[in-house]
Amino acid sequence: MAFNAPRGTADILPDEQPHWELIRRTAASVAERFGYRRIDTPAFEDTSLFKRGVGEETDVVQKEMYTFEDLGGDSLTLRPEGTAPVCRAYIEHGMASWPKPVRLYYVEPMFRYERPQAGRFRQFHQFGVEAFGDTSPQVDVEVIELGWLFLRELGLKGLSLRVNSIGDSIDRPRHLQALRAYYAQHADELPKVDRDRLQRSPLRLLDSKEPESQALAERAPRSVDYLSDANRVRWDQTLRLLDSLKSVYPEMDYAVDHRLVRGFDYYTHTVFEIEPSGAQGQSTLLGGGRYDGLMEALGGQPTPGTGFAAGLERLVLNLRKQTPAESSGTGVQVVAVALGDAASQKVVEIAAALRARGVATVIAPSGRPMRDQLRFANSLSAKYALIVGQKEIERGVATLKLMDAEGGQSEIGLDVHAVLAAIGQRAAH
RNA sequence: GUGAGCGUCGCUCAGCGGCCUAGGGCGUCAGGCUGUGAACCUGAAGGUCGAGGGUUCGAAUCCCUCCGCUCACCCCA
């Protein structure tokens with residue numbers, strides 16, 4: 001019997017790595033440009049961290065967590081999201097005493113027990129940023145700007161940004177109540193799926209895919225109409241700050257989406273999502289918002305926070321759409337070809353010296369005809385073949401062959417320095 | 001958890017009005033060239049046709065069950 005990667009997981013093979021490396025490098029580069037510093041947290045945490053952080057009633061906690069008991073009897077859970085663990089680390093390491101805001105980012109795998117489909121996996125990767133200790137809308141907008149620049153530097157085109165404000169812990173229940181009342185009046189117009197949903201989470205009716213519900217959602221009570229005066233001002237400031245970004249990012253044509261709601265309980269005030277415009281299904285590339293009550297819920301000092309998470313698999317999917325078939329070479333510069341035992345010994349020495357000086361060098365399988373060894377060099381798309389045979393050993397030279405269409409070759413000295421000089425490579429040390 | 005589509009060499013596909021001793025392309029390996037690659041030519045290896053059961057003289061082809069994958073819903077990155 002053969003083994004397969006577990007459902008919803010995937011091997012990332014060498015040919016796909018360039019996309020991943022580009023994403024990881026861009027993430028770090030952009031985050032650090034904004035003053036964010038990297039943090040890594042464990043792949044699993046106390047189960048109760050997520051129950052309290054994400055919310056007992058959310059789908060993620062209810063049915064999507066990889067929870068297990070370890071041999072000591074502790075209940076642990078593979079992290080389904082990154083914000084709660086970072087908050088835990090913030091509290092645990094006394095970051096409250098760091099200069100505010102504390103800016104952190106992470107690139108790590110997440111785990112959710114879901115049925116896989118396009119853009120959704122059981123093990124997936126997120127790039128996330130979190131900024132703690134600053135309530136100003138400026139930081140919300142900074143985080144949005146960071147996300148936008150990140151996607152732009154990846155070369156993704158045709159993105160749309162949607163924003164909304166869902167208010168604070170006082171505004172939200174009022175809005176929710178109004179929403180319930182509204183939908184109660186129109187319950188008979190709802191499809192059955194959504195009538196069930198009305199009980200569980202009325203907010204979800206807003207982004208329902210049922211046509212009847214969408215029509216109703218158009219006229220449903222809007223969260224922004226239930227903001228307190230102060231929060232209303234805050235929201236207006238947020239939008240004005242977003243407008244000021246447009247001089248740098250003319251393509252950033254954001255839209256206020258009153259139906260934008262998010263899946264975790266901890267969100268407050270500003271929430272946002274970025275997706276390819278016109279996309280359907282599991283298409284959100286990056287989503288986040290403010291979460292001012294979370295730190296307190298996890299037992300820390302009241303500390304405001306704001307951030308986002310981006311799904312790396314979905315980014316790869318979109319990158320592949322834009323730039324298909326990226327055949328990546330091996331990056332090997334020199335393949336050393338030896339003919340005979342004496343030559344083999346010399347070639348091992350020269351190859352070692354080349355590598356020690358930073359030149360990617362592979363020795364062709366020994367003991368095979370030169371033709372095979374050159375075929376091997378070609379299959380690695382190496383730039384040069386360094387040929388050492390009996391003739392070369394006797395005369396104390398090596399043959400360096402350029403593996404291009406012409407395949408021209410020249411005779412050089414039988415030592416590293418001659419090779420380095422010939423391939424124009426500056427020694428690393 | 002619900003629904004739909006699909007499972008044929010490593011990859012990508014043909015064959016699916018039953019007879020196939022299951023093919024092609026790519027890749028791999030070997031030879032053409034025992035010291036010169038990629039091109040080209042020749043050849044080889046590689047498949048219990050997802051698994052099990054049924055119909056039939058005969059099944060990759062028809063039927064059933066299961067498993068897996070994919071897509072969609074729920075929900076989310």
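Quick note on labels: first sequence line is chain A, next is B, and so on, each numbered from 1.
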Atom CZ of A:Arg79 and atom P of B:rA77: how far apart are they, to the nearest Å? 15 Å

Tell whether A:Arg314 reaches the base of B:rC76 with its side chain through a donor-acceptor pair below 3.5 angstrom. yes

Salt-bridge test for A:Lys157 and A:Glu251: reply yes if a basic N is under 4.0 Å from a carboxylate O, no otherwise. no

Would you list the pairs meeting side chain to side chain donor-acceptor pair (under 3.5 Å) in which at least one residue belongs to residues 405-421 of chain A, sequence neighbours left out? A:Arg395-A:Glu411

What one should report as the nearest heavy-atom pair of A:Thr361 and A:Ala351 is CG2-CB, 3.9 Å

Establish whether the base of B:rU36 is bridged to the side chain of A:Gln409 by a donor-acceptor pair shorter than 3.5 Å. yes

Just checking A:Ala377: base, sugar-phosphate only, or nothing, at a heavy-atom cut-off of under 4.0 Å? nothing

Below 3.5 Å is the cut-off: list the nitrogen or oxygen pairs between protein and nucleotides 26-31 of chain B, distance only.
from: B:rA30; atom 1: OP1; to: A:Arg368; atom 2: NH2; distance (Å): 3.2

Identify whether a stacking contact exists between A:Phe376 and B:rG37, where the ring centres must be under 5.5 Å apart and the planes under 30° apart. no

Between CD of A:Glu130 and P of B:rA77 the distance, given in whole Å, is 12 Å

Counting the atoms with a prime plus P, OP1 and OP2 as sugar-phosphate, which does A:Glu114 contact under 4.0 Å by heavy atoms, base, sugar-phosphate, or nothing? base

What is the distance from CG of A:Asn4 to C1' of B:rU70, rounded to the nearest Å? 14 Å

Specify the residues of residues 386-395 of chain A, ordered by number, for which at least one heavy atom lies under 4.0 angstrom from an atom of RNA chain B. A:Ile387, A:Gly389, A:Gln390, A:Lys391, A:Glu392

Do the non-hydrogen side-chain atoms of A:Trp20 and A:Glu313 ever get within less than 4.5 Å of each other? yes

